[in-house]
Amino acid sequence: MTKVNVPDIGDFKDVEVIDVLVKPGDEIALETPLVTLETEKATMDVPSSAAGVVKSISLKKGDRVSKGSLILEVEAAGAAAAPAPAPAPAAKETKAAAPAPAKEEEDVPFTDTIVREQRAKAAAANAPAAAPTPAKDTSGGTYDFDMVVLGAGPGGYTAAFRAADLGMKVALVERWPQLGGVCLNVGCIPSKALLHAAKVIEEAHEMESFGVTFGKPQIDAVKLKGWKEKVVSKLTGGLGILAKQRKVEVIRGIGKFVSPHEMQIANTDMTPLSTVLSKGENAPGEGARKISFKHCIIAAGSEVVRLPGVPDDPRIIDSTGALELDLPKRMLVVGGGIIGLEMACVYDALGTKVSVVELTDGLIPGCDRDLVRPLEKRIGKRYEKIMVKTKVTKIEALKEGIRVTFEGEQAIEPQMYDKVLIAVGRSPNGKKIGAEAAGVVVNERGFIPVDKQMRTNVSHIFAIGDIVGQPMLAHKASHEGKLAAEVAHGEKRFFDARVIPSVAYTDPEIAWVGVTETEAKAKGIAFEKGSFPWSANARSLTLGRDDGMTKVLFDPATHRVIGGGIVGPNAGDLISELALAIEMNTDAADLGLTIHPHPTLSETVMFSAEAYEGTLTDLYVPKKAARPAH
């Protein structure tokens with residue numbers, strides 16, 4: 001029996017165990033990660049110094065250890081002592097998901113199929129067995145437009161502009177007064193403007209510890225809101241100019257199919273949107289226009305999920321309402337996902353006491369816990385309360401405030417808040433566009449199933465963006481929009497992106513791409529990891545933000561990059577290098593041998609690859625067993 005102890009981990013004592021990665025009965029190899037430890041500056045996996053079968057484990061999550069602390073006992077197996085690539089910690093079988101077929105016999109990473117599988121599952125769930133019977137087409141075979149795009153968000157305007165560039169006569173139908181959809185008007189862009197303001201406030205405050213002190217910020221919410229709207233106007237106005245330059249006809253109103261080649265546009269006189277929406281999505285508006293088309297791209301997006309039983313009260317807001325910056329003294333955010341946490345960061349920086357409640361067992365569900373942990377530590381010290389594994393059971397609108405009742409593992413007594421932000425996700429608009437009149441299949445959840453060319457079941461009608469399934473991201477929609485326009489023009493194009501990066505613009509930012517550790521362990525996908533703590537990165541130290549971390553996941557057989565994650569300032573800007581690495585079949589040596597500028601945060605990607613390869617000099621990493629050549 002061999003005892004495995006905590007090795008020399010540097011100048012640290014009494015370090016917390018935040019995860020135990022193996023269990024009794026697991027067969028482990030040399031270098032298999034056993035436990036994850038967290039110091040004040042970084043997290044680290046402790047690799048095994050012996051191979052065999054785990055007989056007993058002496059640590060549990062939450063314990064504190066130092067050099068020499070017993071981790072576990074291992075019984076040697078027949079060939080266990082020989083160095084071998086580390087298997088996935090939580091899986092006995094390390095068979096990767098089946099790769100997409102290749103034209104040649106070269107290796108193709110299994111990440112090729114991940115995005116397509118996710119989208120197909122989301123779109124196909126509960127899909128009707130047969131397409132609806134379309135309404136009679138009265139266009140007579142002659143059309144007003146070669147292409148009509150329904151929805152002018154990032155996917156829609158990209159599709160319309162690309163179709164116009166290819167020589168098609170294009171109409172762009174949009175219900176908002178300005179182009180850009182939710183993202184530009186009330187989503188991605190205005191929220192990032194406010195997050196920048198929040199970041200400046202926090203950085204000014206943190207400079208006190210470096211010897212530079214500013215006075216307490218004076219928040220002029222009206223002026224701040226005006227600046228945010230100026231940013232939005234500049235971008236949406238630019239889209240209007242681009243549409244004119246391309247001779248794209250913009251039709252403002254609410255569009256619905258009336259046949260496979262026709263669409264009725266209500267409210268073409270542009271009654272204020274608030275008036276139209278108050279009448280409901282089926283309101284005919286004051287004006288109407290029918291148009292016909294040869295091809296159509298549905299880019300109608302999604303809307304916020306509204307919880308049943310929530311009172312209709314102006315103090316209960318969604319993400320759009322949060323952008324109005326009516327700053328309360330005390331606010332509850334219902335939903336610990338990306339949207340809710342981004343707005344929580346803004347309101348916290350502007351002086352509001354913020355609490356967050358999340359139904360699942362952690363913030364930002366779907367993201368690896370080690371990436372979320374630095375955010376949890378930071379906001380845990382700042383926010384009034386963070387409750388996970390907890391649900392809201394009742395919301396009451398009272399004169400003195402909004403009373404909220406909780407239930408769950410971390411539930412507290414009913415509380416009174418000045419505002420409640422509901423941020424529990426978005427639902428597709430597939431059932432609100434009259435798709436059945438065109439014969440287009442829409443599943444029970446409102447998604448429209450599409451193939452790899454973004455075609456619906458009706459060959460001349462395409463769908464893109466939020467309405468076709470997860471992930472609901474603007475950059476995914478833009479890529480799909482360009483592709484759909486090219487296919488409609490007759491070009492041979494397919495959606496073959498291997499991965500789509502995700503970013504939470506919180507403080508610190510969190511970004512990830514490709515296979516996550518959580519996913520790999522759940523699916524039994526073999527992987528190995530190289531990571532680098534930002535506490536050892538010169539640039540992060542000069543920024544006063546050493547709480548970050550970069551990690552890269554590799555295929556043990558080919559050493560190619562299959563995933564990665566980054567937490568820290570500007571993580572969203574850094575993640576593209578890993579996305580490109582996956583797209584280009586880059587391996588660890590490619591990353592490690594690419595000279596990165598110094599001092600930069602981007603070096604942490606190179607250092608992570610070097611840590612995996614065993615060539616890192618910026619930290620001491622115990623020598624690993626030699627990997628077989630590939």
Side-chain angles (χ1 to χ4, degrees), residues 16 18-19 36 38 42-43 61-62 188 191-192 194-195 198-199 202 304-305 307 318-319 322 330-349 352-392 404 406-412 415 417 420-426 470-473 501-513 516-519 521-522 534 545 547-551 564-569 571-572 575:
E16 183 180 1
I18 60 173
D19 204 359
T36 303
E38 182 177 56
T43 61
K61 188 175 179 179
C188 323
S191 64
K192 302 313 170 284
L194 296 178
L195 281 163
K199 180 182 179 181
E202 290 309 309
V304 294
V305 171
L307 294 177
D318 57 20
S319 56
R330 196 166 186 241
M331 182 172 78
L332 173 70
V333 177
V334 180
I338 291 176
I339 295 174
L341 291 177
E342 287 181 352
M343 295 314 302
C345 284
V346 171
Y347 275 74
D348 169 64
T352 296
K353 290 183 178 179
V354 175
S355 293
V356 178
V357 58
E358 166 59 37
L359 181 62
T360 67
D361 60 0
L363 302 179
I364 313 185
C367 181
D368 285 342
R369 294 301 90 195
D370 57 347
L371 295 177
V372 180
R373 199 168 293 116
L375 172 66
E376 291 175 331
K377 288 182 67 174
R378 183 175 174 85
I379 65 178
K381 298 173 184 177
R382 300 178 57 90
Y383 293 4
E384 188 174 20
K385 191 73 176 176
I386 298 175
M387 298 165 277
V388 297
K389 298 183 181 179
T390 303
K391 65 179 179 179
V392 171
V404 182
F406 306 95
E407 178 183 292
E409 191 171 301
Q410 298 181 7
I412 57 177
Q415 299 287 309
Y417 298 96
V420 173
L421 166 60
I422 307 293
V424 293
R426 302 186 64 84
Q470 300 289 350
M472 291 184 174
L473 298 170
S502 295
V503 183
Y505 295 91
T506 47
D507 185 13
E509 289 185 9
I510 303 173
W512 65 99
V513 67
T516 66
E517 281 196 68
T518 304
E519 177 186 22
K521 293 172 183 177
W534 284 22
R545 293 299 299 271
D547 53 347
M549 183 264 289
T550 298
K551 67 174 180 178
I566 304 172
V567 54
I575 199 65

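Model, not experiment: these values are computed from the prediction. Atom set for the values below is all heavy atoms of this structure, side chains included, hydrogens, waters and symmetry mates excluded.
- In summary, of the residues considered (V567, T506, D547), a side chain to side chain contact (heavy atoms under 4.5 Å, CB included) with L375 occurs for T506 alone.
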Could you walk me through whether L307 and V424 satisfy the side chain to side chain contact (heavy atoms under 4.5 Å, CB included) test, starting with their C-alpha distance in whole Å, then the side-chain angles of each, then the deciding distance to 0.1 Å, before giving a yes or no? CA-CA 8 Å; L307 294 177; V424 293; 3.9 Å; yes
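- The OG1 atom of T550 lies 9.0 Å from the CG atom of L371; values are rounded to the nearest 0.5 Å.
- Here R330 pairs with E384 under the salt bridge (charged side-chain N to carboxylate O under 4.0 Å, His left out) rule; sequence neighbours left out.
- Taking 4.5 Å as the limit, some side-chain heavy atom of S319 sits within range of a side-chain heavy atom of V304.
- Residues V388 and T360 have side chains not in contact (no heavy-atom distance under 4.5 Å, counting atoms from C-beta outward).
- Residues Y505 and C188 have side chains not in contact (no heavy-atom distance under 4.5 Å, counting atoms from C-beta outward).
- At least one side-chain heavy atom of W534 sits less than 4.5 Å from a side-chain heavy atom of P569.
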Side chain to side chain contact (heavy atoms under 4.5 Å, CB included) assessment of W512 paired with I364: CA-CA 12 Å; W512 65 99; I364 313 185; 3.9 Å; yes
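- Contact of the P365 side chain with the E358 side chain is registered, since non-hydrogen atoms from C-beta on lie closer than 4.5 Å.
- Note that CD1 of I18 is 5.5 Å distant from OG1 of T36, once rounded to the nearest 0.5 Å.
- The salt bridge (charged side-chain N to carboxylate O under 4.0 Å, His left out) test applied to K192 returns E342, not counting sequence neighbours.
- Contact of the V420 side chain with the V404 side chain is registered, since non-hydrogen atoms from C-beta on lie closer than 4.5 Å.
- Partners of K391 under the salt bridge (charged side-chain N to carboxylate O under 4.0 Å, His left out) rule, at least two apart in sequence or in another chain, are E407.
- Residue L332 holds its CG atom at 6.0 Å from CE of M387, rounded to the nearest 0.5 Å.
- You'll find the side chain of L195 reaches within 4.5 Å of the side chain of C345, heavy atoms only.
- In this structure the side chain of V356 never reaches within 4.5 angstrom of the side chain of K385, judged on heavy atoms.
- Put simply, CD1 on I379 and CG on L341 are 5.5 Å apart, with the number rounded to the nearest 0.5 Å.
- Checked by atom type and distance alone, the side chain of T390 pairs as donor or acceptor with a backbone atom of Q410 at under 3.5 Å.
- By the salt bridge (charged side-chain N to carboxylate O under 4.0 Å, His left out) test, D368 pairs with K551, sequence neighbours left out.
- Sorted by first and then second residue, the pairs that involve residues 504-513 and meet salt bridge (charged side-chain N to carboxylate O under 4.0 Å, His left out), not counting sequence neighbours, are R378-D507, D507-R545.
- With sequence neighbours excluded, the residues satisfying side-chain hydrogen bond (donor to acceptor under 3.5 Å, both in side chains) with D348 are R382.
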